[in-house]
Amino acid sequence: MDTHVSLQGLAFTLRERQVLGIHGLIAPALYNQDKQVYRVMQSFHRWDNDFDRYLDLIALQDRNEKLFYRVVTENVELMMPVIYTPTVGLACQKFGLVYRKPRGLYISIYDLGHVYSIFCNWPVDDVKAIVVTDGERILGLGDLGAYGMGIPVGKLSLYTALAGIHPHQCLPILLDVGTNNETLRNDPLYIGLNQKRERGKKYDQFIEEFMQAAVRRYGENVLIQFEDFGNENAFRLLEKYRQHYCTFNDDIQGTASVVLAGITASLRLTQKPLEDNLFVFLGAGEASIGIANLLTKALMKKGLSKEEGCSKIWLVDAKGLVVKDRPSGDITHEKAPFAKEYQHLVNLEQIIKTLKPTAIIGAAACPGAFTEEILKDMASFNKRPIIFALSNPTSKAECTAEQAYSFTQGRVYTPGQGNNAYIFPGVALAVTSLSIRCITEDIFLKAAESLAESVTEKDLEEGRVYPPLSSIQSVSLKIATDIATFAYKNRLALHIPEPENLEKFIRSLRYSTDYESYAPDIYEWPENAKQ
Ligand SMILES: NC(=O)C1=CN([C@@H]2O[C@H](COP(=O)(O)OP(=O)(O)OC[C@H]3O[C@@H](n4cnc5c(N)ncnc54)[C@H](OP(=O)(O)O)[C@@H]3O)[C@@H](O)[C@H]2O)C=CC1
Ligand SMILES: CC(=O)C(=O)O
Ligand SMILES: [Mg+2]
């Protein structure tokens, strides 16, 4: 009963209320969806903090999904920071409080051997996209174990809100292998397994079984987006599965694409060709290595060799500058191509003074690492320094936009959010609409080009290197269409016949927030209920 009553609420017509047997169970007023939107917005603005707004919105998502997506799609700039970063970070930290109605599947290490049967408990048969996490590196907040479920839920909400992928075709999954976060394990509200993280062979078996079960249940075309896995597993699992499954790692590949797009757009302001730039990354993890690799690919497209491309990119990790033969040894396989023959500097201010980069990119979750001195130095070496502070949530950012503007003596512009949310919904839309089974690096390069093209001269004048969030739905559609065109040219799209007009085809598949009719309405609306 409750499901029916809340599904459309006061927007049920009189006839629908009678046919469904819910007449009298809701107040007599007949609302249309516009009026419901008005009520939601009143409620949204009543709160004085975003966490309460988050709770309000996810309660609406549970109650009336179409209304939820209508308000989010119409108010992306206002609502994205609430249902996604930065508020989703806080929501994950407090997920024991947030957890009411489970949205998505929880599969634990104890389900090893029967993971497929857990998939079969999910009541939807035509899932097209899964976002999965094991909760080990939730944004820059570290290991949040089962509390990490907020991330797949938030990401998939954007699949629908930004790309129009049907919500019932999206499945958030939390793989619970324990947590090494002792505070959480002692938290009486914790909802996950109270044990340390499983690692090694058993973990790998679990992931393998998960991948196989996902395909067995939903077919080989099901998209599996890895999100917020710990560094060690993220790279390994991407390498292991990228050729054989329809999968990508958003933190590595989606981030790479969004940052490459931002850099490409920035070059229109600095008027410096890509190959004349020098990049220093703070952090040499999933985000930084992903960006560095795609940037190298873009440099190679400009005619540089791989070595020449890598020579433009310097990494700084927890042990300082990534150089060959440094005392601590440990240059991982991913960092190795970027390790230089150079002295081992550890202090970032000193590194910046010595290397004089044109661009600095922060993805180390070290708040405030781009100090006043670094920002001032960047402004002294460059007329228009390129500064990306990527770490999430905002409390972990290397600097604020305001600091970047004031310490570089620049004008104050409208800050944007350099977030992979500009990329993954468009990629997912192309992949799920046209059955692209292998998501290659070239697809992320194409997505970056497409996103950079969406940046207008007006955006640049206003200091934006990304389109405004208010246009992100049309940007996602353009990215999807450009990827689709590329995929057909390169025999990556399996949907046949190839649609004549790709944009029209993709658009036609998109989710509508209009209500379904549950019964033909034989009654006229009373005059006083009309809007
Ligand atoms: N804006 C966006 O779209 C995205 C933002 N991010 C954000 O980027 C951040 C990093 O994510 P990710 O790369 O996946 O995380 P990882 O855990 O993979 O990498 C973190 C990196 O930071 C380095 N690091 C840690 N402490 C220091 C320090 N004191 N000085 C220098 N380097 C340090 C680590 O060094 P070492 O290798 O030595 O351990 C590691 O290389 C997070 O805050 C995340 O939210 C991530 C993806 C997308
Ligand atoms: C945005 C994102 O994916 C992250 O910070 O992990
Ligand atoms: Mg992430």
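Remember, predicted model here, so these are calculated numbers, not experimental data. Just so you know, these numbers use all the heavy atoms, side chains as well, and skip hydrogens, waters and symmetry mates. For reference, positions follow the sequence shown, starting with 1. For ligands, and for the atoms within them, numbers begin at 1 and follow the listed sequence.
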Ligand 1-proximal atoms of Leu282, by part, heavy-atom distance under 4.0 Å = side chain
From CA spacing to verdict: salt bridge (Lys or Arg N to Asp or Glu O under 4.0 Å), Glu65, Arg103 = CA-CA 12 Å; Glu65 202 167 50; Arg103 296 194 69 83; 3.5 Å; yes
Looking at side-chain heavy atoms only, is the closest gap between Leu57 and Leu55 below 4.5 Å?
-> no
Would you tell me which option among Gln417, Lys396, Arg137 has the nearest heavy-atom contact to atom 44 (C) of ligand 1?
-> Arg137
Relative to the ring of Phe279, is the ring of Phe281 parallel (under 30°), tilted (30 to 60°) or perpendicular (over 60°)?
-> tilted
Please name the residue in the list Val132, Leu238, Asp251, Ile252 that meets the side chain to side chain contact (heavy atoms under 4.5 Å, CB included) test with Phe229.
-> Val132
Interfacing atoms of ligand 1 (cut-off 4.0 Å, heavy-atom, Asp251) | 47 (C)
Of the protein's non-hydrogen atoms, which lies at the shortest distance from atom 10 (C) of ligand 1, and what is that distance?
-> Ala363 O, 3.4 Å
So Phe226 and Tyr241, would you call those rings parallel, tilted or perpendicular, with 30° and 60° as cut-offs?
-> parallel
Where is the nearest protein heavy atom to atom 31 (C) of ligand 1: which residue, which atom, and how far?
-> Asp317 O, 3.1 Å
Closest protein heavy atom to atom 6 (N) of ligand 1, given as residue, atom name and distance to 0.1 Å | Leu390 O, 4.0 Å
Taken in chain and number order and not counting sequence neighbours, the residues that satisfy salt bridge (Lys or Arg N to Asp or Glu O under 4.0 Å) with Lys301 are Glu449
Quick one: does Asn419 get within less than 4.0 Å of ligand 1, heavy atoms only?
-> yes
Note: Asn420, heavy atoms under 4.0 Å from ligand 1, region reported as both
Quick check: does Lys335 get an N/O under 3.5 Å from an N/O on ligand 1?
-> yes
Proximal candidate to atom 46 (C) of ligand 1 [heavy atom criterion; set Ser391, Ala287, Pro86] | Ala287
Flag, side chain of Thr247 to backbone of Ile224, donor-acceptor distance under 3.5 Å = yes
For the Mg ion (ligand 3), every protein N/O/S atom that sits closer than 2.8 Å, waters excluded | Glu227 OE2, Asp228 OD1, Asp251 OD1
Can you give me a line-by-line list of nitrogen or oxygen pairs between ligand 2 and the protein shorter than 3.5 Å?
from     : atom 1 : to     : atom 2 : distance (Å)
ligand 2 : 3 (O)  : Lys155 : NZ     : 2.9
ligand 2 : 3 (O)  : Glu227 : OE2    : 3.0
ligand 2 : 3 (O)  : Asp251 : OD1    : 3.1
ligand 2 : 3 (O)  : Asn420 : ND2    : 3.0
ligand 2 : 5 (O)  : Asn392 : ND2    : 2.9
ligand 2 : 6 (O)  : Arg137 : NH2    : 2.5
ligand 2 : 6 (O)  : Asp228 : OD1    : 3.0
ligand 2 : 6 (O)  : Asp251 : OD1    : 3.0

Min N/O separation Ala365 to ligand 1 under 3.5 Å | no
Which residue from Ala421, Pro367, Ala364 reaches closest to atom 22 (O) of ligand 1 through any of its heavy atoms?
-> Ala364
Between Tyr106 and Tyr99, what is the ring plane arrangement, given parallel below 30°, perpendicular above 60°, and tilted in between?
-> perpendicular
Consider only side-chain N and O atoms of Thr255 and Glu286, and report whether a donor and an acceptor are under 3.5 Å apart.
-> no
When every non-hydrogen atom of Ala364 is compared with those of Ser391, the smallest separation belongs to N-OG, 3.2 Å
In the protein, which heavy atom is nearest to atom 4 (C) of ligand 1, and how far is it?
-> Asn392 ND2, 3.8 Å
Between Thr133 and Asp228, is any side-chain donor less than 3.5 angstrom from a side-chain acceptor?
-> no
Where is the nearest protein heavy atom to atom 1 (N) of ligand 1: which residue, which atom, and how far?
-> Gly418 O, 3.0 Å
Any donor-acceptor N or O pair under 3.5 Å, side chains Gln253, Glu441 | yes
Do Ser450 and Asp482 meet the criterion of a side-chain donor-acceptor pair at a distance under 3.5 Å?
-> yes
Regarding Tyr466 and Asn419, is there a side-chain donor-to-acceptor distance under 3.5 Å anywhere?
-> no
Hey, is the main chain of Arg199 close enough, under 3.5 Å, to the side chain of Arg197 for a donor-acceptor pair?
-> no
Atom 19 (O) of ligand 1: of Gly285, Gly254, Ala284, the nearest heavy atom sits on Gly285
Shortest protein contact, atom 35 (O) of ligand 1 (heavy atom only) = Ala318 N, 3.2 Å
Counting only N and O atoms by type, is there a donor-acceptor contact under 3.5 Å from the side chain of Ser471 to the main-chain atoms of Pro467?
-> no
Give the residue and atom name of whichever protein heavy atom lies nearest to atom 16 (P) of ligand 1, and the separation in Å to one decimal.
-> Asn231 ND2, 3.8 Å
Under 4.0 Å from any heavy atom of Gly140, which atoms of ligand 1 are there?
-> 42 (C), 43 (O), 45 (O)
Of all the non-hydrogen atoms in the protein, which one sits nearest to atom 48 (C) of ligand 1, and at what distance?
-> Thr255 OG1, 3.0 Å
Between Cys366 and ligand 1, does any nitrogen or oxygen pair lie at a separation below 3.5 Å?
-> no
SB check Asp50 Arg53 (cutoff 4.0 Å) = yes
Those residues at least two apart in sequence (or on a different chain) that pass salt bridge (Lys or Arg N to Asp or Glu O under 4.0 Å) with Lys458 are Glu462
Does Lys155 make a cation-pi contact with Tyr84, if we ask for NZ or CZ under 6.0 Å from the ring centre and within 45° of the axis?
-> no
